[in-house]
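First up is the structure itself, then whatever we jot down about it.
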Protein chains: 2
Amino acid sequence: MDTAGMEHSVSWISSNSDELILRSWISSRMDIAELHRAGDDIKEMMKSEGYYSEPSKYEAELSDGNITFAYSYPIKAFEKFLGYYDRENRIAFNPSISMRTDFSFCLAACRYRKNGKTDTVVLDGYADNKYYKKAKFALDKFRSEYSINGSFDFYIKRYRRYQKAKGLSESSAVAAAVSRALISNVFGDDAAKDDIFVSRYARLVSGSGTRAAHDGISMWLSYPGMDSRDCVAFKVGKSNENLNYGVFPKYSDVATDNAHSIAVNSVFYGTWVSEKFSNVKRLISDHFDINDLLKIGENDMLRLNSILMSGGLIIQTPDSLRILKEILKFKSKNEGFYFTADTGPSIAIFSFDRSLIDEFRENVNDEYIEGSYDFKGYNNRMRDFIREAQEYFTQTPGEDEEDRL
Amino acid sequence: MDTAGMEHSVSWISSNSDELILRSWISSRMDIAELHRAGDDIKEMMKSEGYYSEPSKYEAELSDGNITFAYSYPIKAFEKFLGYYDRENRIAFNPSISMRTDFSFCLAACRYRKNGKTDTVVLDGYADNKYYKKAKFALDKFRSEYSINGSFDFYIKRYRRYQKAKGLSESSAVAAAVSRALISNVFGDDAAKDDIFVSRYARLVSGSGTRAAHDGISMWLSYPGMDSRDCVAFKVGKSNENLNYGVFPKYSDVATDNAHSIAVNSVFYGTWVSEKFSNVKRLISDHFDINDLLKIGENDMLRLNSILMSGGLIIQTPDSLRILKEILKFKSKNEGFYFTADTGPSIAIFSFDRSLIDEFRENVNDEYIEGSYDFKGYNNRMRDFIREAQEYFTQTPGEDEEDRL
């Protein structure tokens, strides 16, 4: 889409006035047309390097009462994203890249009700209005795209290897699991195996969910003014199983729901976003070199924290700051030891040299979850989960059946 | 100086190749000519609002063995600065603004030795090479400007209202006190009373020292490509004695000597600096409105921390982060309560409403120094200090006298 198309594309962005005021404020600080051109360049590079594929199409085959299941693991981002260019269509300002981790997993069950009027969502046993609104936003878009009537019930559960933590991208796993369960329900198994297709609808629940639809290393292609059907994640590399990784799970009660808007409002946001496009171009030409990714992961953690701090949102805690300072001290004496964190105080560490991780952990005896590349753990919980979900669906007749009772 | 002059002026910047590499890297990220124009505009505004005065001239009247004394109090910055455009001449990239505080004071004694070959510096009883090199840099420039031969001995002492803390601008008070003692020694009392003249040479010791040469609120005029004789601080307002202020002194062992270069290397530095010029223009037209200054002080603390964090330098400590989070929580429920900090973890708070400060301190019982506008405390220590300094000077004959012994 050339820049002329940009003007056209800008018009279909939601007419919600706050969004347009924010949009004009952003355009005054960023060269949106330049980001659009850079995004198009990246798309072309992804094509020529064989990472990109055209948006696929599937035919809906709906059947009343059909129940489907899916799982997903969370990601840990290297090139991160905060801030939507087009909030309505969940199009982020910049492409982002991450790897799959096994710090937790999410199981999702989806039931279709042909005559249903209201979707229902239960997450970890709770039916919170916040979950319902998030699901409804995504499902309404999905239904309108495929002219589907009826409603969907979701029974979702997260399985953590830690008690409580923030910044471990649990929402990415939820988004990918519910999207895959939905797609399996509506389009069948082939579509559900198409990670790119799954990522398109995971996006409507959580941006990083796009990447959680893939194993290994993946990139969510997203930039201002793009065609939203292209706004999906592509796999760009296998997990690098020689890379030791783990995380210090930390919790914080600081709400980060407004992190996206705080970031976009930061005076530094334009610089932060535009640097990412040059990083991504370099990464594509180097076939997503893992060492480059690890350095970007460190840099971008510091910059993400800087962006939010400049807007008054401090996401580290005294506890996580202590660990971060230990990491920086250790790094000043050791090469090949990396760290990153997303929008929370849980800090992940990486090294190809296992002894470096062990040596570091001698000074920091906080709770530590050792990461692995075994993404089969969900199997042990699937049987119980299926039983629980079916129990839930039977207890939740949904209004259409209530009318007939 | 018009932009044509910019090219000329750029040439006299030191030929030190690192500096030129950094300079070209900076110019690629910032519109230096634009900053120069904005600086010139600010200078004109300062003139028309009556804050500016032409650089004054004094005649040196040296007398061998002459000893002079001076004092100074530290500042707390609102519009802050990090990063020198011209390190050799200590010209900062942007103007900066602060108020005098009484968290500590510094006393300085200066002796001139006509045949002396080596300057000597004792600070708090220590003769550290770091102090000597800093003094020599400034004194060599001073001597060459006024074709002065001989050397200077400095006996300097800091008097704190806390045990140990970082980020309370002690270096600003040292710079202003030694500059005033030097100027009193070489040019006599009139020159020593000329705070603007004192600020010019305090600059060569520490940038914020320019502002510590003034009482009340002052602005250091500094911008790329300016005439260095204009690179001084001007008083821009009296202390606002209705403003209650104080500080939680905190220490950190994180070295911040490289804070200037880390800041300049930050990807966000250009944006940070250019925003300051628009702030300063607004402030001049509003006659340095204290509420605007207080808001800038908060914003700029967060941005300064962001800039350094984006370069991997984290200046907060787990302890100071705890207080900062308490402050942000308290601010979300209370108007008229402000905070700021400079390049360290000591956080200052301000309010015109004394009860807000008392209420806040009910949740935070860390050591707290209540600020005042009584800048006479130094008098009680002057007599002992004079005796100590004279004792030091008599024990330190200096090599010229050694030759004659």
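Reminder, nothing fancy here: chain letters follow the sequence lines and each chain counts from 1.
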Any carboxylate oxygen within less than 4.0 angstrom of a Lys/Arg side-chain nitrogen, looking at [X] and [Y]?
| X | Y | answer |
| --- | --- | --- |
| B:Lys250 | B:Asp366 | yes |
| A:Asp289 | A:Arg282 | no |
| A:Lys166 | A:Asp253 | no |

Practice task
Pick whichever of B:Lys325, B:Glu298, B:Lys329 has the most heavy-atom pairs under 4.5 Å with chain A.
Solution key: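 Most heavy-atom pairs within the cutoff with chain A belong to B:Lys325.
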Exercise for the section: Just give me the residue among B:Arg322, B:Gln316, B:Met301 that pairs up with chain A most often, heavy atom to heavy atom, under 4.5 Å. Expected result: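 Answer, by heavy-atom pair count under 4.5 Å with chain A: B:Gln316.
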Practice task
Mind telling me whether B:His260 and B:Tyr84 have parallel, tilted or perpendicular rings, with 30° and 60° as the class edges?
Solution key: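 Rings of B:Tyr84 and B:His260: tilted, as their planes differ by 30° to 60°.
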Handout entry: Interchain contact, B:Ile314 with chain A, by part (heavy-atom threshold 4.5 Å)
Key =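 It is both, since atoms from each part get that close.
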Practice task
Check each atom of B:Leu324 against the heavy atoms of chain A and say whether the ones under 4.5 Å are side chain, backbone, both or neither.
Solution key: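 For B:Leu324, side-chain heavy atoms alone lie under 4.5 Å from chain A.
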